[in-house]
Amino acid sequence: MAGFTVAIVGRPNVGKSTLFNRLLEQRKAIVDDVSGVTRDRQYGIADWNGKSFNVIDTGGFVSRSEDVFEREIRKQVKIAMEEANLLLFMCDVATGITDLDAEMADILRRSSKPVMLVVNKVDNNTRQLEATEFYSLGFEDVYFMSSMSGSGSGELLDAIVSQIPEDDETLEAAQQAAELPKIAIIGQPNVGKSSLLNALIGQERNIVSDIPGTTRDTIHTHYKMFQKDFVLIDTAGLRRKNKVQEDLEFYSVIRAIKAMDEADVCMLLLDATKGITAQDLSIFSLAGRKGKGLVVLVNKWDLIDDKSTNSARDYEKDLKSRLAPFNNVPIIFTSVVEKQRIFKAIEEALRVYENRKRKVQTSKLNEVMLKAIESFHPPVVRGIPIKIKYVTQLPTFTPAFAFFCNLPDDVKTPYRNYLENQLRSHFDFEGVPLKLFFRKK
């Protein structure tokens with residue numbers, strides 16, 4: 001999974017979000033001719049030639065502006081630059097080199113990170129000639145492309161994946177460490193991530209500097225107590241301050257993504273008094289797309305006044321409706337301060353880890369699933385019934401299943417969901433995202 005991070009930076013309205021959508025092969029970021037559309041940061045995963053990497057789309061960088069949004073964007077662009085392994089500096093050939101481009105180039109030249117200069121909107125021979133002026137900015141790696149049409153994007157992607165390291169020693173160390181379960185603690189600032197780690201290891205520990213934007217590696221803590229042996233990956237230690245609240249929220253997302261890449265299971269902490277936020281849902285769905293096991297911890301449950309018989313049940317029901325469609329996850333109500341159910345949370349995380357590794361015998365799989373298919377047939381397509389003849393589990397890191405049938409392209413989402421629910425009800429895959437593939441028999 002992606003562990004390499006690329007940030008797209010530049011002045012407003014040069015096509016950063018269009019490039020972001022192009023790299024992800026989906027229309028995720030809002031694109032408009034008006035500058036300043038991108039305020040909230042976008043992030044996603046791109047794949048090219050069998051390699052994956054994280055992509056961050058940032059807002060337009062305007063130096064020395066006193067506009068409230070541009071001031072906030074400026075801070076967040078700098079955080080993205082600190083966190084990224086590679087920077088794509090985007091310019092627009094239609095307007096040429098502007099003062100804002102020159103100022104941005106000056107900042108990037110002082111950065112220790114590798115920078116690729118991407119000149120956008122180069123879609124004809126005239127603009128190809130005009131684009132040569134951008135060599136004067138002094139960057140060695142310059143790429144001409146058109147984000148809109150995709151022209152030149154292949155060369156840029158080849159250059160990006162060539163930067164992703166393939167160190168044999170690193171791989172060997174990773175293989176040795178891979179034998180232990182890795183559990184990441186993720187979530188918003190101020191939900192109790194630091195407190196949870198300290199409560200579990202039984203000591204106070206300063207994990208990450210409390211200065212917002214300070215770059216630190218994710219902290220790995222080897223937990224070996226009570227017959228449990230695993231690695232905790234922490235993204236905590238971020239103090240929420242009023243004036244940097246939005247920055248920290250953005251920063252915590254980047255930290256969570258980096259922690260996810262290394263983890264087998266993610267424990268998403270929520271604040272019981274605030275419920276689940278849009279940012280939490282983004283982190284949750286991203287972890288699911290990365291194939292990570294998930295456990296949701298509703299922390300600060302001791303602060304909820306209404307402790308009636310059904311309060312936890314109703315809270316869980318509402319939470320699962322927000323998490324849908326992937327809501328087959330353990331939900332545990334904890335209080336880190338009171339040390340309530342924090343060890344149950346670890347037990348659930350380790351159970352999800354085992355679920356993620358589960359391999360189902362082909363004979364057992366076919367016996368159960370063909371019976372389920374027989375009791376509820378796939379719909380008829382163009383007068384032809386869909387016939388699923390055989391099911392097998394694929395040899396992947398996360399559970400994936402191949403269904404062999406006569407019309408693989410015509411199996412629609414509702415029936416896919418039915419098959420996934422049958423797999424979950426007969427084999428314990430709680431907390432684990434499943435992938436279903438349909439192939440021609």
Side-chain angles (χ1 to χ4, degrees), residues 1 181-187 256 260 263-270 272 275-278 280-299 301 310-334 341 344-361 364-365 367-369 371-373 375-376 378 388 391-394 396-403 411-438:
M1 280 297 162
K182 294 183 185 60
I183 301 171
I185 305 170
I186 60 176
M260 275 181 221
D264 300 304
V265 178
C266 297
M267 291 198 301
L268 175 63
L269 262 72
L270 307 178
I276 191 163
T277 66
D280 292 318
L281 286 170
S282 296
I283 294 171
F284 180 87
S285 62
L286 190 66
R289 291 202 302 277
K290 285 175 178 275
K292 306 301 180 180
L294 277 153
V295 179
V296 177
L297 307 186
V298 182
N299 192 29
W301 191 244
N310 297 330
S311 60
R313 190 183 68 184
D314 293 342
Y315 196 106
E316 183 173 338
K317 185 180 177 184
D318 180 59
L319 194 54
K320 288 203 170 187
S321 71
R322 296 286 308 278
L323 294 173
F326 176 38
N327 57 13
N328 181 225
V329 294
I331 296 174
I332 300 156
F333 296 87
T334 65
R341 291 181 285 278
K344 184 180 189 318
I346 290 299
E347 286 171 1
E348 284 295 306
L350 291 172
R351 185 173 70 83
V352 167
Y353 172 75
E354 293 301 325
N355 291 350
R356 189 169 176 262
K357 292 198 306 178
R358 178 164 287 113
K359 304 293 180 192
V360 183
Q361 275 189 328
K364 180 69 176 171
L365 191 59
E367 180 189 330
V368 169
M369 292 307 294
K371 195 179 290 182
I373 291 163
S375 63
F376 181 53
I388 298 174
V391 191
T392 185
Q393 185 170 358
L394 299 173
T396 52
F397 285 112
T398 55
F401 298 89
F403 291 78
V411 181
K412 303 301 180 195
T413 303
Y415 200 74
R416 283 171 175 263
N417 292 344
Y418 167 73
L419 294 174
E420 182 176 330
N421 290 337
Q422 290 298 312
L423 284 167
R424 291 187 183 283
S425 63
H426 289 95
F427 312 102
D428 187 6
F429 285 113
E430 188 180 16
V432 183
L434 302 182
K435 292 184 179 176
L436 275 60
F437 300 95
F438 293 86

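When reading the values below, keep in mind they use all heavy atoms of this one structure, side chains included, and skip hydrogens, waters and symmetry mates. One is the number of the first residue; the rest follow in order along the sequence. None of these values were measured; they are calculated from a predicted model.
Taken to the nearest 0.5 Å, the CD atom of E367 stands 10.0 Å off from the NE2 atom of H426. The CG atom of L394 sits 9.0 Å away from atom NZ of K359, with the distance rounded to the nearest 0.5 Å. For the atom pair I332 CD1 and E348 CD, the distance stands at 4.5 Å (nearest 0.5 Å). The structure places CG of L269 at 6.0 Å from OG1 of T334, a figure rounded to the nearest 0.5 Å.
Of all heavy-atom pairs between C266 and K292, the closest is SG-CB, 4.1 Å. The two residues L294 and P330 make their nearest non-hydrogen contact at O-CD, 3.4 Å. Smallest separation of non-hydrogen atoms from L297 and A345: CD2-CB, 3.5 Å. Annotation for L268 and D280: closest pair CD2-O, 4.0 Å, computed over non-hydrogen atoms. Of all heavy-atom pairs between A272 and V298, the closest is CB-CG1, 3.5 Å. Listed here is the closest heavy atom pair of P181 and Y353: CG-CE2, 3.5 Å.
Considering only residues two or more places apart in sequence or on other chains, R356 meets the side-chain hydrogen bond (donor to acceptor under 3.5 Å, both in side chains) condition with D264. Scanning for ring pair (Phe, Tyr, Trp, His ring centres under 6.0 Å) contacts around Y418 gives F376, Y415, with sequence neighbours left out. Shown here are the side chain to side chain contact (heavy atoms under 4.5 Å, CB included) partners of K317, two or more places apart in sequence or in another chain: there are none. The salt bridge (charged side-chain N to carboxylate O under 4.0 Å, His left out) test applied to R424 returns E420, not counting sequence neighbours. For the side chain to side chain contact (heavy atoms under 4.5 Å, CB included) test, residues two or more places apart in sequence or in another chain that qualify with S285 are R289. The side-chain hydrogen bond (donor to acceptor under 3.5 Å, both in side chains) check on E430 picks up R351, with sequence neighbours excluded. By the ring pair (Phe, Tyr, Trp, His ring centres under 6.0 Å) test, F333 is found to be paired with W301, Y315, residues two or more places apart in sequence or in another chain being considered. Partners of Q422 according to the side-chain hydrogen bond (donor to acceptor under 3.5 Å, both in side chains) rule, which considers only residues two or more places apart in sequence or in another chain, do not exist here. Among residues two or more places apart in sequence or in another chain, the salt bridge (charged side-chain N to carboxylate O under 4.0 Å, His left out) test is passed with E316 by K320. Looking at residues two or more places apart in sequence or on another chain, you find a side chain to side chain contact (heavy atoms under 4.5 Å, CB included) between A349 and I183, V265, M267, V295. Residues that satisfy the side-chain hydrogen bond (donor to acceptor under 3.5 Å, both in side chains) test with R322, not counting sequence neighbours, are absent from this structure.
At a threshold of 4.5 Å between non-hydrogen side-chain atoms, the residues I388 and L419 count as touching. D318 has its side chain out of reach of I276: every pair of non-hydrogen atoms, C-beta onward, lies at least 4.5 Å apart. Put simply, the side chain of L323 reaches to within 4.5 Å of the side chain of L281, judged on heavy atoms.
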Report the C-alpha separation of F427 and K364 in whole Å, then their side-chain angles, then the decisive distance to 0.1 Å, and conclude whether the side chain to side chain contact (heavy atoms under 4.5 Å, CB included) test is met.
CA-CA 10 Å; F427 312 102; K364 180 69 176 171; 4.0 Å; yes
Using side chain to side chain contact (heavy atoms under 4.5 Å, CB included), reason through L436 and L423 one step at a time and then give a plain yes or no.
CA-CA 10 Å; L436 275 60; L423 284 167; 4.1 Å; yes
For side chain to side chain contact (heavy atoms under 4.5 Å, CB included), just list the numbers for F429 and V360, CA-CA rounded to whole Å, side-chain angles, deciding distance to a tenth of an Å, and then say yes or no.
CA-CA 11 Å; F429 285 113; V360 183; 4.0 Å; yes
Would you please test V411 and F403 for side chain to side chain contact (heavy atoms under 4.5 Å, CB included) and show each step?
CA-CA 10 Å; V411 181; F403 291 78; over 6 Å; no
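Among pairs with a residue in residues 324-334, none fulfils salt bridge (Lys or Arg N to Asp or Glu O under 4.0 Å), at least two apart in sequence or across chains.
Listed for the R358 side chain is no donor-acceptor partner under 3.5 Å among the backbone atoms of P399.
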